[in-house]
Amino acid sequence: MDEKQILWKCRRGTKELDMLMTGFLNNFYHTVSNTHKEAFVKLLSYEDPTIYDLVLNKISSKDIAVNEIADMIRNMSLNSK
């Protein structure tokens, strides 16, 4: 999947989730491993409530790399405050 497609998938149903997903794409996506890039794309395939729950650490995925991406996004948002 090319970056334009990924950016399009970052556009979610809420502004907050849009900001988190595009923030990760713009600031961290290019520096993470290919495994984590694939996990981010996988995360974007989930429904918004599931993404929220993963990022808020209410649930965990069976895919460890997806959990690590959710952790990175959570930490990114905490560090920006």
J.: Are there over 12 heavy-atom neighbours, none belonging to Met1, within less than 6.0 Å of that residue's CE?
T.: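 Correct, the count exceeds 12.
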J.: Let me check something: any side-chain donor-acceptor pairs from residues 36-45 under 3.5 Å, sequence neighbours excluded? List them with distances.
T.:
{"residue": "His36", "atom": "ND1", "partner": "Ser33", "partner atom": "OG", "Å": "3.0"}
{"residue": "His36", "atom": "NE2", "partner": "Glu68", "partner atom": "OE1", "Å": "2.6"}
{"residue": "Lys42", "atom": "NZ", "partner": "Asp63", "partner atom": "OD2", "Å": "3.1"}
{"residue": "Ser45", "atom": "OG", "partner": "Lys42", "partner atom": "O", "Å": "2.5"}

J.: So, for Ala65 and Thr35, which heavy atoms are closest and what is the spacing to 0.1 Å?
T.: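 Smallest interatomic distance, heavy atoms only, reads CB-CG2, 4.0 Å.
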J.: Establish whether Ile69 and Met19 are linked, either directly or via other cluster members, by ILVMFWY side-chain heavy-atom contacts under 4.5 Å.
T.: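 Cluster IDs for Ile69 and Met19 differ.
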J.: Which residues satisfy the side chain to side chain contact (heavy atoms under 4.5 Å, CB included) test with Asp48, sequence neighbours excluded?
T.: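 Testing Asp48 for side chain to side chain contact (heavy atoms under 4.5 Å, CB included), a comparison that skips the adjacent residues, returns Arg12, Leu17, Ile51.
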J.: Partners of Glu47 by side chain to side chain donor-acceptor pair (under 3.5 Å), sequence neighbours excluded?
T.: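 By the side chain to side chain donor-acceptor pair (under 3.5 Å) rule, Glu47 matches no residue at all.
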J.: Listed by chain and number, what are the side chain to side chain donor-acceptor pair (under 3.5 Å) partners of Arg11, not counting sequence neighbours?
T.: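 Here no residue qualifies.
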J.: Can you list everything that forms a side chain to side chain donor-acceptor pair (under 3.5 Å) with Asp18? Sequence neighbours excluded, please.
T.: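 Here no residue qualifies.
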J.: Quick one, Phe24 and Cys10 - any side-chain contact, counting heavy atoms below 4.5 Å?
T.: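 Not touching, per the 4.5 Å side-chain cut-off.
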J.: At what distance, to the nearest 0.5 angstrom, does CD of Glu3 lie from CG of Leu7?
T.: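 So the CD of Glu3 and the CG of Leu7 are separated by 7.5 Å.
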J.: Side-chain heavy atoms nearer than 4.5 Å, only ILVMFWY residues, links allowed to pass through others: does that put Met21 and Trp8 together?
T.: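 No, because Met21 and Trp8 fall into different hydrophobic clusters, even though each may have its own neighbours under 4.5 Å.
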J.: Do Leu20 and Arg74 touch side chain to side chain, with heavy atoms closer than 4.5 Å?
T.: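 Of all side-chain heavy-atom pairs linking Arg74 with Leu20, none is under 4.5 Å.
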J.: Could you list the residues that satisfy side chain to side chain contact (heavy atoms under 4.5 Å, CB included) with Lys58, not counting sequence neighbours?
T.: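 Result, side chain to side chain contact (heavy atoms under 4.5 Å, CB included) vs Lys58: Asp53, Leu56.
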J.: Could you tell me which residues satisfy side chain to side chain donor-acceptor pair (under 3.5 Å) with Thr31, sequence neighbours excluded, listed by chain and number?
T.: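 Listed in chain order: nothing, the list is empty.
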J.: Does any non-hydrogen side-chain atom of Asn67 lie less than 4.5 Å from one of Lys62?
T.: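 Of all side-chain heavy-atom pairs linking Asn67 with Lys62, none is under 4.5 Å.
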J.: Less than 4.5 Å apart, any side-chain heavy atom of Phe28 and any of Met72?
T.: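 Contact flag for Phe28/Met72 side chains = no.
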J.: Around Ile64, counting heavy atoms of other residues, nucleotides and ligands shown, do more than 12 lie under 6.0 Å from its CD1?
T.: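 Count not over threshold, so no.
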J.: Search all heavy atoms of Tyr29 against all heavy atoms of Val32 and return the closest pair with its distance.
T.: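 In this case the closest contact between Tyr29 and Val32 is O-CG2, 3.2 Å.
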